[in-house]
Amino acid sequence: MTFKPVSHDGMICEVRSPMGLLLRLTGAIEDIEPTTEGDAAMLANRALIHNAWAYAKNEKLFRKFKTPEKKESHRRTADAHATTAEKIAGLIDGLGHTTRSGWCSACYTLSDHNKVETGLTSVPAYLCVTCGSPTLKCAAPHCKHMATRGHGSLRVPRFCAEHRHELPSFEKSSDKIARLEDYEELRVFDSHNLRRGSQFAMAGVVAAGVVGTGGILAAPAIGGAIGTIVGGYSGAAATSYGLALLDGGSIAAGGLGMVGGTYVVVAGGAALGGALGASITNAYVSEDKSFAIEKFRDGPGIPVIVARGFTTENDPYWSSAMQMVERRYPDSPIYRLHWGSKELKKLGAFALKEMGARGGMHVVVDAAAQAGKIAAKKLNVVAPALMATNLAKNPWHTAVVRADRTGVALAGILARTKEDSVILVGHSLGARAMITAAETLGTSEDAPRIDAVHLLGAAEGKKGDWRPLSEAVHGTVNNYFSSNDTVLKYLYKVAQVGSVAVGLGGFGSKYSNIKDRDVSAKVGGHSDYFDNVKLV
């Protein structure tokens with residue numbers, strides 16, 4: 001592989017196979033897809049192109065940044081992509097004429113796989129015609145599916161996505177359920193789990209260092225951003241899995257107002273409702289043992305789904321929330337979305353640990369407010385910096401990421417129901433989850449229509465492009481905000497390094513169906529919305 005910088009943001013990357021086949025990529029760092037030229041066999045392999053382009057982007061960033069941490073991260077990521085691209089190029093040299101048909105565990109399509117003549121002593125290898133990923137026959141007896149193939153020479157058994165329990169079934173991955181409360185039927189596995197251990201947890205841990213400091217710019221290069229590190233993945237599913245499990249927040253470079261897995265779903269090409277969407281949803285739900293969709297009340301109307309958040313999620317009493325929804329939608333079936341128990345408990349524990357149990361949340365807010373005042377006077381910037389660091393480092397950051405993942409998981413489930421329409425209601429970080437769910441559903445043509453969204457004290461930054469949210473919602477996005485919400489006014493602002501929450505001051509959006517509702521006269525604090533707000 002060779003890399004040549006062109007101008008400030010441009011570059012040329014060339015990949016040569018051992019036999020001399022050429023792939024040349026040109027473009028700029030913000031380009032999702034590069035301009036390609038070269039030999040037909042190289043151009044036909046999407047995994048090769050995506051890994052080579054991700055290498056080029058990270059090589060460019062490695063040379064651009066001066067700080068050792070960022071340089072090290074991009075160096076590591078660039079090298080990983082380069083290794084994958086070179087291995088694929090080497091396999092392309094050996095492509096023969098034997099073809100095998102089977103479900104691909106990299107791109108989750110029923111595809112042909114072209115056999116590579118690797119020699120008698122090498123691990124068998126195929127290249128998926130659809131995504132270009134290296135594959136081989138699943139090691140499970142009598143299984144006809146294709147597993148992803150690693151780069152090593154050891155004959156370690158490789159199992160397909162079904163036998164690793166990455167998704168319940170290839171063939172049933174597009175099946176739909178009649179009612180939302182039947183969502184657990186979507187996680188009934190057809191095959192035994194032959195790959196024990198937490199593959200997804202490992203992906204999140206190993207890959208966090210890969211993307212966390214800027215490698216997110218390579219996200220649109222679908223193939224292999226994470227799969228290289230995890231071991232053998234290099235197709236479209238590799239990045240979708242990896243990024244979906246990362247602690248990578250918003251796609252800052254694109255300003256899309258879409259986070260983590262949401263962007264990956266778009267990049268994967270309207271994956272909701274299919275195998276790729278099913279695998280991402282399965283990963284999220286498997287991670288969060290508290291995730292559950294509980295039916296509270298039946299009815300003939302449009303289903304309403306309610307998610308609570310910070311300061312209310314751990315409260316066992318849902319009475320106020322349910323009464324608020326019942327008053328507005330008396331004929332609707334109502335569902336309670338449980339999520340993120342572990343992350344939200346840690347966030348609450350942080351408050352007590354940092355400031356002492358005596359004052360509870362009020363002490364945290366007062367301390368954050370005082371730190372903000374001190375910082376504003378430029379007398380001492382250490383206190384707010386330390387608080388922001390602690391929050392981003394652990395409880396606040398992980399709770400935010402969990403909210404985003406929950407939104408994607410909910411969207412994946414809704415996309416596989418036969419419901420025509422839904423209404424989403426969320427409070428605090430639960431509102432953030434509903435924003436993500438709406439934006440994700442907006443990428444699918446076959447998903448239920450979103451009739452309305454109600455956001456109360458939403459823990460979501462107001463800066464962003466809200467076009468995806470506006471276009472995803474058929475009716476109105478109602479944002480109820482209060483200037484008296486001290487949690488958002490101080491704690492959120494400090495934790496998010498100065499960001500202003502839409503639950504504090506509104507979206508201020510130019511889109512006509514995103515309406516800000518000022519409820520400051522009725523809502524005196526972050527936990528007061530359910531008792532005092534009447535849904536429009």
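Everything quoted here is computed from the prediction, not taken from an experiment.
- Listed for the Tyr480 side chain is a donor-acceptor partner under 3.5 Å among the backbone atoms of Val536.
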>> What verdict does the side chain to side chain contact (heavy atoms under 4.5 Å, CB included) test give for Ser169 and Glu162, after you've listed the backbone C-alpha separation in whole Å, the side-chain angles of each residue and the deciding distance to 0.1 Å?
In response: CA-CA 6 Å; Ser169 169; Glu162 272 193 18; 3.8 Å; yes
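- What you find for Asp516 and Gly506 is that their closest heavy atoms are OD1-CA, 3.3 Å.
- Donor-acceptor pairing under 3.5 Å is lacking for the side chains of Asn484 and Ser520.
- Salt-bridge annotation for Arg449 and Asp420: absent, with no side-chain N of the basic residue lying under 4.0 Å from a carboxylate O of the acidic one.
- The side-chain heavy atoms of Met434 and Leu410, taken from C-beta on, include a pair separated by under 4.5 Å.
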>> ring pair (Phe, Tyr, Trp, His ring centres under 6.0 Å) for Phe65 and His74? Distances and angles first, verdict last.
In response: CA-CA 9 Å; Phe65 285 114; His74 288 299; 5.5 Å; yes
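- The shortest side-chain heavy-atom distance between Met322 and Val306 falls under the 4.5 Å cut-off.
- For the residue pair Pro333 and Gly301, the shortest heavy atom distance occurs at CD-O, 3.3 Å.
- The minimum heavy-atom distance linking Val422 with Pro448 is given by the pair CG1-CB, 4.4 Å.
- Side-chain atoms of Glu460 and Trp466, non-hydrogen and from C-beta on, do get closer than 4.5 Å to each other.
- Counting only heavy atoms from C-beta outward, the side chains of Arg164 and Ser105 approach each other to under 4.5 Å.
- One side chain, Arg187 or Ser286, offers a donor N or O that lies under 3.5 Å from an acceptor on the other.
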>> Using the rule given for side chain to side chain contact (heavy atoms under 4.5 Å, CB included), can you reason through Ile514 versus Leu469, listing the C-alpha separation, both sets of side-chain angles and the distance that settles it, and then say yes or no?
In response: CA-CA 8 Å; Ile514 299 181; Leu469 178 62; 4.3 Å; yes
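- Between Phe296 and Trp318, the distance separating the two ring centers is not shorter than 6.0 angstrom.
- A donor-acceptor contact closer than 3.5 angstrom links the side chains of Asp531 and Ser320.
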> Val453 and Ile423: side chain to side chain contact (heavy atoms under 4.5 Å, CB included), yes or no, with the steps?
Replying inline: CA-CA 6 Å; Val453 175; Ile423 295 166; over 6 Å; no
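- Tyr511 places none of its side-chain heavy atoms less than 4.5 Å from the side chain of Val473.
- Side-chain N/O atoms of Tyr335 and Glu294 include no donor and acceptor closer than 3.5 Å.
- Within the cation-pi definition used here (under 6.0 Å to the ring centroid, within 45° of the axis), Arg402 does not qualify as a partner of Trp339.
- Within the 4.5 Å cutoff, no side-chain heavy atoms of His454 are placed close to those of Val477.
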>> I'd like to know whether Thr476 forms a side chain to side chain donor-acceptor pair (under 3.5 Å) with Asn478, so could you lay out the CA-CA distance, the side-chain angles of the two residues, the decisive distance to 0.1 Å, and finally the verdict.
In response: CA-CA 6 Å; Thr476 303; Asn478 299 284; 5.1 Å; no
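- Remark: Lys172 does not engage Asp175 in a salt bridge, criterion side-chain N to carboxylate O under 4.0 Å.
- Panel note: side chain Arg328, backbone Gln323; no donor-acceptor pair is recorded below 3.5 Å.
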> Would Asn513 and His474 satisfy side chain to side chain contact (heavy atoms under 4.5 Å, CB included), going step by step from the backbone distance to the final call?
Replying inline: CA-CA 9 Å; Asn513 68 331; His474 180 75; over 6 Å; no
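- Across all their heavy atoms, Ile302 and Ser332 have their closest contact at O-OG, 2.7 Å.
- Listed by chain and number, the residues in a ring pair (Phe, Tyr, Trp, His ring centres under 6.0 Å) with Tyr529 are His427 (sequence neighbours excluded).
- Lys462 places none of its side-chain heavy atoms less than 4.5 Å from the side chain of Phe507.
- Side-chain polar atoms of His526 and Thr486 form no donor-acceptor pair below 3.5 angstrom.
- Residues Leu414 and Leu441 approach most closely at CD1-CD1, 3.7 Å, considering heavy atoms.
- The two residues Ile450 and Ala438 come nearest to each other via the heavy atoms CD1-CA, 3.5 Å.
- In this structure, Leu180 and Ile305 have side chains that are in contact, with non-hydrogen atoms separated by less than 4.5 Å.
- A salt bridge links Lys176 and Asp446; the closest N-O separation between the charged side-chain nitrogens and carboxylate oxygens is under 4.0 Å.
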